[in-house]
Amino acid sequence: MRRKFGALPVGVLAVALVASGCSETTNETPGGGNTQNVVQTGTIATDPAESQGPAKAVEGATKGGVVKLLHAAEFEHLDPQKIYVSDSLSMATQFARTLTGYKEDGKGNLKLVGDLATNAGEDVNGDCKVWKYTLKDGLKFEDGTPITGADVVYGISRSFDPDWGMGPLYIQQWLTDAVEYNTTYKGPFKSPGAEVPGLKADGNVITFTFPKPQCETPFAVAMPTTAPVPKAKDTKGDYDRKPVSSGPYMIKEHAYDQYIDFVRNPNWDPATDPIRNAYMDGIRVEFGIDAETGANRIVADAAEDQTAFIWANVPAAVLSKTTSDPKVKERVKSGASQYVEYMWINTDRVKDLKVRQALNYAVDRDAIIKVRGGIDQFGSTITSPTIGGYQNYNAYDGGQSGNPEKAKELLGGKSIKLTYAFPNVPVRQQMAAKSKEVYAKAGIELVLTPLDPATYYDSVGTKGNQYDLIRGGWGADWPSSSTVIPALLDGRTIRDKGNQNLAYFNEDEVNKEIDRIKGLKVAEAAPAWAALDKLIMEKYAPLVPQYYIGTYEITGSKIGGTFLSDSFSHLTLNTMFVKP
Amino acid sequence: MLRFLIKRLLLAATTLVAISIVTFLLFFAVPSSPAWTQCGRNCSPERIAQVEQSLGLDQPITKQYTDFVKGVFVGRTIDDAGTIRECTAPCLGYSFRSKEPVTDTIERSLPVTISIVAGAMVVFLTVGIGLGMLAALKKGTVFDRVAIGASVGFASTQTYTLGGVLLLLLVYSTGILPNPHYTPLTENPLDWAGGMLLPWITLGLINSALYARLSRAQMIETLQEDFVRTARAKGLSPRVVNRRHALRAAITPIITIAGVDLGAYLGGVVITESVFSLNGIGREAAQAVSDLNLPLVMATVLLAAFFIVAMNIIVDMLYAVIDPRVRLG
Amino acid sequence: MSNTPATADSRSPGTEDTAVAVLQPDTAAKAFVGRSPGQLAWIRLKRDRTAFASFITVLFFILISLLAPLISKLYGITATEGFSEKLNYQGLPTGYLGGISGEHWLGLEAGIGRDLFMQLIFGMRTSLVIAFLSAIISIVLGVVLGIVSGYFGGWVDQALTWFTDFMLAFPFLVFALAIIPIINTAAYDVGEEVPGTFRVSVIIGVFALFGWMTTARLVRGQILSLREREYVEAARAAGASSTHILFKQLLPNIWAPILVSFSLALPGFIAAEAALSFLNIGVVEPTPDLGRLVYYGRQWLGTPDWAYFLIPASAVFIAVLAFNLLGDSLRDALDPKSSK
């Protein structure tokens with residue numbers, strides 16, 4: 001026997017330490033930086049000149065270069081009529097132009113202008129029922145064929161296909177005035193030859209005729225539902241892999257799960273485009289690089305990653321690397337998003353208002369926010385500050401860290417046990433463990449039930465499920481509460497499966513108010529929504545708003561011109577350029 | 001020999017069939033329907049039924065299995081939400097997620113895994129066996145102690161810890177090595193090797209250690225065997241004895257183990273692929289499981305099993321060829 | 001031959017060595033030289049300082065795991081208690097080295113703010129329970145199946161050999177990914193809490209299911225060579241029952257390699273259990289777990305809170321290393337040929 005082991009393997013680990021020194025972590029909160037802290041109201045442009053191209057030049061921008069998006073997983077969809085997730089939406093802005101679009105300056109000014117259309121929309125009779133859009137001249141697909149009104153109508157018609165319900169449903173439901181919008185018209189494949197109800201194209205003019213007033217039509221047609229699709233080139237299911245571009249970039253190569261190469265679309269005319277500058281020669285998307293790896297690579301800023309960026313929040317563990325070095329810090333773009341994190345209270349099961357209020361009093365938002373690295377903001381309202389008419393309030397003010405004593409008082413000494421459902425991913429596990437610990441102080445025992453992430457919404461969206469508390473989050477589709485409160489808390493939308501109202505909350509008072517506000521013009525509706533927001537929380541407390549989800553993204557040192565888009569909460573590609 | 005081979009092949013075939021059946025059954029034990037992952041969160045029960053129908057999930061399980069088997073041998077036609085798709089033999093199914101024959105998915109990801117495994121294998125076989133043999137010949141010296149000491153140490157680390165440390169030290173902090181990435185060998189051999197270097201080193205360090213210990217033990221044992229002693233007694237120089245006689249005898253069992261390892265690795269090195277963000281077959285398999293993407297799960301499981309079974313047969317054959325003492329029967 | 005469930009790419013270091021034992025089936029039997037092999041082994045083991053040091057380390061880990069609740073009481077902090085107020089705005093523990101202080105000996109977990117020392121010892125408890133039970137069950141399974149296969153021969157042997165090959169051909173991680181969530185959801189009603197102990201049992205079950213094959217092959221090989229020996233023939237001729245021959249004649253002669261496989265399987269299972277957390281199918285919150293701790297901590301490498309990675313990772317490393325060394329020494333001690 002002759003082994004005597006030196007410190008060899010231990011040495012490897014010791015070296016790792018040297019890499020990061022040893023300094024004191026203090027409790028200071030830094031100020032400044034690139035934090036965009038804006039409350040934007042999202043106005044609709046009234047001057048048609050604002051809808052004219054070309055886009056205003058970005059100071060110091062140069063043409064050329066290729067930027068690289070390091071992305072965790074393949075886009076869920078690229079077919080414009082199927083897209084509904086923020087990363088796909090952001091990407092789509094570069095290959096799928098829509099009737100209207102958001103013009104932003106990075107300082108919080110968000111203006112809805114005509115993109116394909118000459119203006120943000122004409123309310124023909126002034127009653128919000130008939131909307132007219134006229135396409136600009138000189139619009140072309142990537143193959144050079146001109147874009148006509150028929151292409152836009154064909155695109156919208158595809159969204160009616162019963163197999164394709166994954167995109168936004170506003171326009172379809174508004175046109176048919178029905179929740180189940182595709183009972184008669186089922187899209188161009190299943191109802192060939194039939195016309196889309198209420199939708200007409202005459203040359204370059206597209207007219208929407210809604211049975212009910214829809215005053216937010218200009219916002220709704222900014223979603224990729226209205227992206228034109230050339231019928232002759234529609235590959236149906238395969239279109240999802242390689243859509244035909246109407247924007248400044250088109251797909252050159254798409255290796256699923258591996259990468260996509262976008263190159264310039266030679267047939268895109270900047271003179272028609274008020275939104276996009278298209279400075280880069282190309283965009284490469286690389287898949288399979290999780291946020292942690294992506295953030296670490298961009299912080300390291302190796303030559304090949306200097307033109308890289310991510311569309312995911314820098315994970316908690318990597319955050320300190322982005323704040324310790326000022327050179328790295330200036331590459332961070334952070335700010336609020338339209339997303340809000342909730343803990344839903346299943347009102348079918350937790351019927352006692354006092355318990356629901358106690359849950360709101362006891363929540364320790366400070367501790368929960370720290371689990372995610374502190375990038376989110378304290379929030380106690382249903383809608384986020386990015387929504388027009390937002391009003392801040394805290395119906396159950398327990399301070400930064402909650403008030404377990406007040407909660408105990410409400411419960412009157414009872415100890416209760418509630419099941420808490422959340423998707424089984426590491427960060428949610430940690431947050432759930434934190435919630436369990438926090439509520440224990442108020443005498444509320446949480447039973448943690450992690451669920452399979454792939455089918456999470458299947459499980460919690462089923463009416464009559466066994467969960468008392470349900471993790472959820474929601475983001476507005478455009479800066480109006482009309483895409484939040486009716487979608488989440490209108491009790492008449494509750495069905496057997498696939499619910500979004502995870503509180504299973506149904507109150508006549510609220511439903512009636514929703515109907516009333518929906519009939520109001522945008523300017524009057526905004527404060528009314530804010531009041532309803534507060535009423536729901538004060539009177540019913542069907543959920544615990546936990547925090548406003550923050551965005552914290554980073555670019556390589558050679559990327560300029562970009563900022564967090566308020567419409568999609570990711571770094572915008574519209575104004576991005578590669579520094580020479 | 002031929003009879004043995006036929007028998008082994010038949011047994012291997014039954015193994016693969018059994019594995020496919022178990023995987024299929026397992027998948028149907030999943031409480032939630034894969035249709036949900038297709039339908040998004042705004043999904044009505046009617047639409048779920050439609051999706052299930054278009055995925056063929058409304059058919060009885062036996063019908064679905066026979067369809068699968070039929071696809072493997074003669075190909076089949078799949079109706080994907082109105083888009084008719086031809087899937088030619090060998091059709092392992094049609095991926096729910098990427099909407100393509102799973103063979104396409106495998107074609108994209110397998111080269112990544114092969115690149116990782118082949119390079120790592122070269123590293124740990126040469127370094128590991130070399131070190132182990134040397135240590136055996138210099139048994140009891142400082143070299144032996146250091147080599148074997150280090151090897152136990154590295155063998156006690158894991159890809160997810162050692163890989164993370166090496167990423168920080170060699171890539172993020174110092175930039176000595178490029179980010180791990182995959183470039184096809186045919187496109188740019190240098191870039192291919194550059195992108196694979198870190199996974200090779202990591203897997204190499206951990207496994208060299210295993211092979212070093214193994215080959216050292218084998219070599220020591222062989223050096224004590226009668227035939228080596230005879231050779232030495234005949235007056236052959238130690239070099240010749242070590243090289244011609246001992247090495248050959250000692251290496252045989254190691255080669256067989258390496259072969260079996262190769263089979264196991266080719267089916268996917270999930271952890272390595274995840275740590276280094278490489279989209280190999282192991283990651284695809286893991287993703288497929290969490291997406292409830294049965295066709296891809298089936299394909300990756302069968303492929304992995306195939307590699308293992310095939311390498312076992314090859315190793316047995318090889319063993320018989322190298323070592324005259326083994327008779328197959 | 002290889003391929004224990006210690007994950008596809010970071011296998012148990014023991015596997016190859018047991019594979020060698022398969023190829024050299026009768027090493028243990030050559031040991032008879034006056035003293036019993038057990039005595040010889042013990043003498044060799046006692047002389048081995050590495051073995052002694054590893055044994056003490058292993059014992060230390062086992063002890064703190066067993067005594068974790070007691071230590072927690074004396075220490076005054078529980079594993080689930082949170083100290084978010086001691087984290088800065090980014091969730092980093094304030095102070096030095098991840099918040100190491102007189103009160104928190106190993107600092108705090110970043111983000112969630114629990115005491116790392118408590119998480120570590122309770123996590124170690126979970127990991128060791130998983131490793132030990134998995135190793136015991138898989139070895140018992142392997143021994144039984146190996147003996148049955150080797151002793152009875154014929155179609156029983158053929159069937160079991162086929163089954164062994166079948167199990168070896170299964171890609172373990174993919175299978176574990178699929179089956180662990182299924183069992184957890186199937187065993188309990190929706191909304192019912194799946195107890196931590198049940199989740200741990202499922203992991204042990206899956207490990208055992210995929211861990212017995214090497215041992216079975218090893219034991220089968222041993223039995224094949226032993227059953228034709230004279231003393232077995234003699235016992236058989238004297239009319240001894242199969243059970244008697246198996247357990248009284250054969251088993252005592254193969255305990256040495258079994259013990260070695262057992263001790264080398266342990267570190268493999270510790271590492272494998274940590275790998276499960278990496279794939280998100282390991283032990284879930286709020287049950288403390290060492291593997292998950294390493295997984296959480298891994299990201300914090302290179303940040304001011306690198307201790308969050310280093311401490312649990314070192315614990316795993318030292319535990320695995322100690323078990324490996326102990327296993328090695330045990331094998332050397334039990335194998336008369338290697339101790340020159």
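Here is how names work: the chains are called A, B, and so on, in the same order as the sequence lines, proteins then strands, and each is numbered from 1. Values reported hereafter were calculated over all heavy atoms of this structure, with side chains retained and with hydrogens, waters and symmetry mates removed.
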Next item on the list: Indicate yes or no: at least one non-hydrogen side-chain atom of B:T300 is less than 4.5 angstrom from one of B:V289.
Entry: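 Answer no - side chains too far apart.
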Next item on the list: Please look at B:V22 and chain C and tell me whether the side chain, the backbone, both or neither of the residue comes under 4.5 angstrom of a heavy atom of that chain.
Entry: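 Side chain only.
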Checking heavy atoms, do the side chain of [X], its backbone, both or neither come under 4.5 Å from chain B?
| X | value |
| --- | --- |
| C:A319 | neither |
| C:L177 | both |
| C:F166 | both |

For the interface with chain C, which of [options] has the highest count of heavy-atom pairs at distances below 4.5 Å?
| options | result |
| --- | --- |
| B:V297, B:L302, B:L16, B:V301 | B:V301 |
| B:V309, B:I19, B:T161 | B:I19 |
| B:A288, B:A18, B:A209, B:A285 | B:A18 |

Item checked: Test applied, side chain to side chain contact (heavy atoms under 4.5 Å, CB included); reference residue, C:I179; option that passes from C:V174, C:I281, C:V206, C:V202 ->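 Option passing the side chain to side chain contact (heavy atoms under 4.5 Å, CB included) with C:I179: C:V206.
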Next item on the list: State, without any angle test, whether B:Y211 and B:D261 hold a side-chain donor-acceptor pair at a distance under 3.5 Å.
Entry: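 A pair is found: one side chain offers a donor N or O, the other an acceptor, under 3.5 Å apart.
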Check: Taking atom types as modelled and ignoring hydrogens, do the side chains of B:E284 and B:T105 form a donor-acceptor contact shorter than 3.5 angstrom?
Finding: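 There is no such pair (donor and acceptor under 3.5 Å, judged by atom type) between the side chains of B:E284 and B:T105.
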Note to self: With a 6.0 Å cut-off on the ring centroids, do C:F175 and C:F210 count as close?
What the structure shows: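 Centroid separation for C:F175 and C:F210: below 6.0 Å.
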Margin query: Using a 3.5 Å distance criterion without hydrogens, assess whether the side chain of B:S151 forms a donor-acceptor pair with backbone atoms of B:I148.
Written below: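 Yes, B:S151 side chain to B:I148 backbone: donor-acceptor pair under 3.5 Å.
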